[in-house]
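Just below is one structure, and these are the notes that go with it.
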Amino acid sequence: MKKDILCIGHITHDRIITPDMPNGIDCAGGTAYYVAWAMQHLPRNVSFGVVTAVGSELKPEIDKLQQAGIDIHDLGSTTSVFFENKYGANMNNRKQRVLSKADPFTIDALKDCEADVFHLGTLLVDDFSPEVVEYLAQKGRVCVDVQGYLREVRNQHVYAVDWRDKLRVLKSTDILKVNEHEIDVLTDGEKDLYRAARIIAGWGVREVLITLGSYGSVIYADDRFYEIPGYPPQRVVDATGCGDTYAAGYLYARAQGANCYEAGKLAAAMCTLKLQHTGPFDATLEDVENIVKTYAE
């Protein structure tokens with residue numbers, strides 16, 4: 001069955017360490033995980049599915065998603081991706097280690113996938129080869145969360161680097177999600193977000209989504225900028241998965257005909273609710289809309 005949105009990415013084993021949780025907690029994570037649970041809590045007006053690849057220790061997470069009604073297919077992997085995310089007092093910054101990796105996605109494994117939008121949750125640079133992205137772009141629109149392409153792992157530690165296949169991959173990318181740090185790396189140190197967005201659009205990307213943590217987000221599409229406010233949370237607990245929650249809200253709204261600004265506001269409000277606790281988004285669409293209304297311009 002063809003989906004409106006199909007998220008492809010590894011569900012991960014995450015260890016999250018914060019000042020309030022100095023010993024850390026272990027939980028599932030990754031783009032596919034956070035996007036799936038966000039979608040599960042929204043009205044089923046958009047058909048959605050997940051393709052992932054995990055090791056045996058994360059099979060119970062697959063079962064939970066299936067029991068919740070998410071259409072998820074596990075390709076299987078020798079091992080799972082294992083991230084350690086350590087946050088300081090400022091939740092906009094984190095230190096990250098990679099303790100294990102999963103098998104990459106291949107054209108052969110994805111040959112039966114059909115969707116209007118393929119959301120690729122890159123976690124590490126070899127998750128999706130240029131050939132895989134080009135293949136999916138022939139079947140539907142491609143949305144890429146760039147984070148994994150910009151991660152180089154050295155002795156388990158993650159460093160931000162540009163990647164060699166950038167122009168080839170972005171030529172097949174319709175929607176790109178980046179944060180303020182990633183766009184700096186991606187555009188070789190361009191500090192002006194607006195110039196950086198135009199550079200990326202010049203490489204072939206139609207919609208550039210720039211998340212700015214607590215400062216909101218900026219969307220560039222059709223030669224126009226949309227400035228999205230950052231809605232203040234009641235408390236700040238855990239930022240892990242906020243970018244993925246933003247992407248889920250944005251794609252969900254766009255799939256129903258919302259314009260970029262409307263979709264960005266819904267996505268931002270979802271992030272605010274997710275930031276208030278550890279784990280994936282678990283609120284309702286009414287909760288999200290109430291935040292947007294409360295801070296309406």
Side-chain angles (χ1 to χ4, degrees), residues 1-12 28-54 58 61-77 102 104-123 127-129 131-146 148 169 172-177 205-207 209 241 243-260 262-264 266-267 270 280-282 284-285 288:
M1 178 186 296
K2 185 176 182 178
K3 301 293 185 183
D4 293 323
I5 302 169
L6 182 66
C7 181
I8 308 174
H10 294 111
I11 292 176
T12 64
T31 294
Y33 178 80
Y34 285 105
V35 170
W37 280 113
M39 289 289 188
Q40 195 273 339
H41 283 88
L42 297 172
R44 301 298 176 91
N45 300 329
V46 173
S47 61
F48 172 76
V50 176
V51 174
T52 191
V54 301
L58 286 179
E61 297 298 335
I62 304 298
D63 294 339
K64 290 178 186 176
L65 285 161
Q66 289 176 333
Q67 291 166 9
I70 295 292
D71 186 358
I72 183 168
H73 178 59
D74 174 27
L75 299 173
S77 176
F105 296 95
T106 65
I107 291 176
D108 186 60
L110 301 176
K111 64 181 184 300
D112 295 328
C113 296
E114 301 290 339
D116 290 330
V117 176
F118 296 98
H119 180 45
L120 308 187
T122 72
L123 298 177
D127 286 352
F128 298 95
S129 69
E131 290 80 10
V132 168
V133 180
E134 289 166 346
Y135 170 73
L136 294 174
Q138 296 173 11
K139 304 173 76 173
R141 300 178 72 207
V142 171
C143 176
V144 172
D145 186 323
V146 79
V169 169
S172 296
T173 301
D174 296 279
I175 305 168
L176 185 74
K177 192 198 78 64
V205 179
R206 295 182 181 180
E207 297 175 29
L209 318 180
D244 301 318
T245 302
Y246 186 99
Y250 183 84
L251 294 176
Y252 176 86
R254 292 287 278 155
Q256 296 181 86
N259 62 36
C260 294
E262 293 167 340
L266 181 135
M270 286 178 62
F281 174 86
D282 63 358
T284 67
L285 183 60
V288 175

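Side chains included, hydrogens not; waters and symmetry mates left out as well; all remaining heavy atoms used.
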Worksheet item: Does Tyr34 reach the main-chain N or O of Gly243 with its side chain, forming a donor-acceptor pair under 3.5 Å?
Response: no

Worksheet entry | Under 3.5 Å: donor-acceptor pair, side chain of Ser47, backbone of Asp4 | yes

Worksheet item: In terms of ring plane angle, is the pair Tyr250 and Tyr246 parallel, tilted or perpendicular, where the classes change at 30° and 60°?
Response: parallel

Worksheet entry | Thr31-Asp244 side chain donor-acceptor pair, cut-off 3.5 Å | yes

Worksheet item: Can you check side-chain contact (heavy atoms from CB on, under 4.5 Å) on Val54 and Glu61, steps first, answer last?
Response: CA-CA 10 Å; Val54 301; Glu61 297 298 335; over 6 Å; no

Practice prompt. Over all heavy atoms of both residues, which pair between Ala248 and Met39 is shortest? Give the atoms and the distance, please.
Written response: O-CE, 3.5 Å

Worksheet item: Does a side-chain heavy-atom distance below 4.5 Å link Ile8 with Val132?
Response: no

Item to complete: Taking all non-hydrogen atoms of both residues into account, name the closest pair between Ala53 and His10 and its distance.
Response: O-CD2, 3.1 Å

Discussion item. Taking the side chain as everything from C-beta on, heavy atoms only, tell me whether Val35 gets closer than 4.5 Å to Leu251.
Written reply: no

Discussion item. Looking at every non-hydrogen atom in both residues, tell me the closest pair between Ile62 and Ile72 and how far apart they are.
Written reply: CD1-CD1, 3.8 Å

Worksheet item: Is the backbone N or O of Val205 less than 3.5 Å from a side-chain atom of Thr173, with the two atoms forming a donor-acceptor pair by type?
Response: no

Item to complete: Could you please spell out the steps behind the side-chain contact (heavy atoms from CB on, under 4.5 Å) verdict for Tyr252 and Asn45?
Response: CA-CA 9 Å; Tyr252 176 86; Asn45 300 329; 3.6 Å; yes

Worksheet item: Quick one: are Val117 and Cys143 in side-chain contact, heavy atoms under 4.5 Å?
Response: yes

Worksheet item: Do you know the tightest heavy-atom contact between Gln40 and Ala68?
Response: NE2-O, 3.2 Å

Worksheet item: For the atom pair CD1 (Ile5) and CZ (Arg254), what is the distance rounded to the nearest 0.5 Å?
Response: 11.5 Å

Fill in: Straight-line distance of Glu131 CD to Leu136 CG, nearest 0.5 Å
12.0 Å

Discussion item. Do Leu65 and Val50 make a side-chain contact, defined as non-hydrogen atoms from C-beta onward lying under 4.5 Å apart?
Written reply: no

Discussion item. Out of the candidates Lys2, Lys3, Arg141, only one should pair with Asp116 under the salt bridge (charged side-chain N to carboxylate O under 4.0 Å, His left out) rule; please name it.
Written reply: Lys2

Fill in: Exam field: side chain Asp145 to backbone Thr122, donor-acceptor pair closer than 3.5 Å
no

Worksheet item: Quick one: CD1 on Ile107 to OG on Ser129, what's the gap to the nearest 0.5 Å?
Response: 6.0 Å

Practice prompt. To the nearest 0.5 angstrom, please state how far the CG atom of Leu266 sits from the CG atom of Leu42.
Written response: 7.0 Å

Worksheet item: CZ of Phe48 to CG of Asp71: how many Å apart, nearest 0.5 Å?
Response: 9.5 Å

Discussion item. Nearest 0.5 Å, please: how far is CG in Leu285 from CE in Met270?
Written reply: 8.5 Å

Discussion item. Once you measure the plane-to-plane angle for Phe281 and His41, does it fall in the parallel (<30°), tilted (30-60°) or perpendicular (>60°) bin?
Written reply: perpendicular

Item to complete: Run the numbers on Thr52 and Asp74 for side-chain hydrogen bond (donor to acceptor under 3.5 Å, both in side chains), then give the verdict.
Response: CA-CA 5 Å; Thr52 191; Asp74 174 27; 5.5 Å; no

